[in-house]
Amino acid sequence: MRPSLPHPGASSAGKVAVVATAVVSWARRRQVAGSSPRAPRTTASTGAGVDEAREAETRRQRAEERARSVIDSCADAFVAIDATGMVAEWNSQAERVFGWRREEVLGRALADTIVPPSLRQAHLEGLRRVVATGEGRVLGQSLELDALHRDGHLFPVELSLSPVCHGGRWTFNAFIRDITKRRERAEAAQRLAAIVESSQDAIVSTDLEGLIQTWNGAAGAMYGYEAAEAIGRPMSLIVPAERRHEVEHLLDEVRRGVRVPHHETTQLTKSGMTLEVALTLSPVRDASGSVVGASAVARDISEQRWLAATLDTTLSSLEAALAEARLSAQTSRRFLADAAHQLRTPLGGIRAAAETLLHDLPPPSRDRLLGNLIAEASRAGRLVARLLQVARLDQGEALAPEPVDVVALCHEEAKRARAHSPDLHIGVRTTAPLQPCELDPHAVREILANLLDNARRHARHRIELVVGTEDDTVAVAVVDDGPGLPMELVERAFERFASLDGMGGSGLGLPIASGLAEAHGGELRYESRRFILRLPMTVEKVRAAAR
């Protein structure tokens, strides 16, 4: 009896597998039939029967070898089961796909081998239905479902199932392909498509002739064409006539496999409006690596171009204003320095003459006059000294750091302030042990003197200098019981010549103190109703600030 033909719905690859299995089954049945005992009629007939049996065995072996060769050469896993669901055939590809060796699975229930627990009941019911009725929903179809690996993990497969019924006995042949990578590629393609569609940049792909193949939503928004209007048309649809030679040049580059990372050009919308765009072009390759098209990512830079031009104009104006300001500042510094030097000599002479007159002329009226003269000269001298200090700060005068006992300096300046304001209680308090710091002592004295002079003008009864540390800085807070500085005036307090109290201040003390603190790499700020001076403890930071 010849083997039954495969089910009509089987694929060509499935038919090969079915035929191969049927050939093996048929050959085995012929072997059994050929080995059945028969009563010999004559000696000659007995000899002929032996020859026929040998020839049949040879044919069977060759057929089985051919069938095995066909089965093992399949690119996909081939599995055959009998009507009870036991594995009857298992090729080498099935070993690689499922992790089971052939000798381990032959005669084993397929349901317990590669069918996931969630599908086993449906598998067994379908098997019984086919055996009973000859019909089944999955026969001759290609299905995608999960399979079970020997190590317990599930993975997606594509299954084609074909039945063979011979002499009332069923055999089911399955052609199985691991589609894990295909599924991953499909999911990656879906993700990529979603990214492309949601991109804010226009993304367009073309074939090598420049015909548009894909067109995302951003391209429609930018150019005004719907995808159906653009796909199949040449890229010249959105390119001005005078720029079309650029498109040909860029496509030539892409055809050679060259990526064009940035190209600025002009393109057209459906309404005829001109756009300034930045293009990135990349070759699109097939599975073999051959260039089959081009991908273009376009971004509208019209607004950026306008902003850049506006910014260039603004920067030019700012540079001109800055140059003018530098010239003005340089002129001002020169004036301050010259004025201070010119005033110092006559003021010194006035003070010397006044002191001489004070000692030689005792009348009280002259004493008062000369005392006022000395006071005014001293006041002018302080102003000159501060003007000189401002000029030195502006010129970036170098500091001379050395080990300084900040607490001792605070005590010395507090003593000086008490001599000028004996009615105020002026003290010093430390919150932590403090080692000598690398600072310019003359600059620190100037800062403390300015802060105490400012505090003396506003304090009612007491002033306190609180000395401590914050991280790697020394902090000196000057606290007084005066009314405090309104927050809206804090910024102005550090402006030059801004006298806020109307009590005779020059408006230079706090700006000078702040400038000296910054020259050290520190800061002077007004916080919580007090001025706080922070200076670095190490000479490296002081020298870095000076540079």
Exercise for the section: For H263 and V260, indicate whether the former's side chain and the latter's backbone hold a donor-acceptor pair under 3.5 Å. Expected result: no
Problem - Over 12 foreign heavy atoms within 6.0 Å of CZ, R177 - result: no
Exercise for the section: Compute the centroid of each ring, for F78 and then for W90, and state whether the two points are separated by less than 6.0 Å. Expected result: no
Problem - Under 3.5 Å: donor-acceptor pair, side chain of T469, backbone of T473 - result: no
Problem - Exercise: do S236 and R244 side chains pair donor with acceptor under 3.5 Å - result: no
Practice task
Report yes or no: do Q213 and S205 form a side-chain donor-acceptor pair below 3.5 Å?
Solution key: no
Handout entry: Backbone of D151 reached by a side-chain donor or acceptor of H149 within 3.5 Å
Key = yes
Practice task
Please step through salt bridge (Lys or Arg N to Asp or Glu O under 4.0 Å) for the pair E144 and R182, ending with a clear verdict.
Solution key: CA-CA 11 Å; E144 290 188 9; R182 189 175 80 188; 2.9 Å; yes
Exercise for the section: Decide yes or no for I176 and V79: does some side-chain heavy atom of the first lie under 4.5 Å from some side-chain heavy atom of the second? Expected result: yes
Exercise for the section: Kindly say whether E184 contributes a backbone atom to a donor-acceptor pair with the side chain of E187 at under 3.5 angstrom? Expected result: no
Exercise for the section: Could you check whether the rings of F172 and W170 sit parallel, tilted or perpendicular, using 30° and 60° as the cut-offs? Expected result: parallel
Problem - Euclidean distance, R120 CZ relative to I114 CD1, rounded to 0.5 Å - result: 10.5 Å
Problem - Plane angle bin for W215 and Y223 - parallel if under 30°, tilted between 30 and 60°, otherwise perpendicular - result: tilted
Exercise for the section: Scan side-chain atoms only and decide if E264 and H262 contain a donor-acceptor pair under the 3.5 Å cut-off. Expected result: yes
Exercise for the section: To the nearest 0.5 Å, tell me how far T265 OG1 sits from E246 CD. Expected result: 4.0 Å
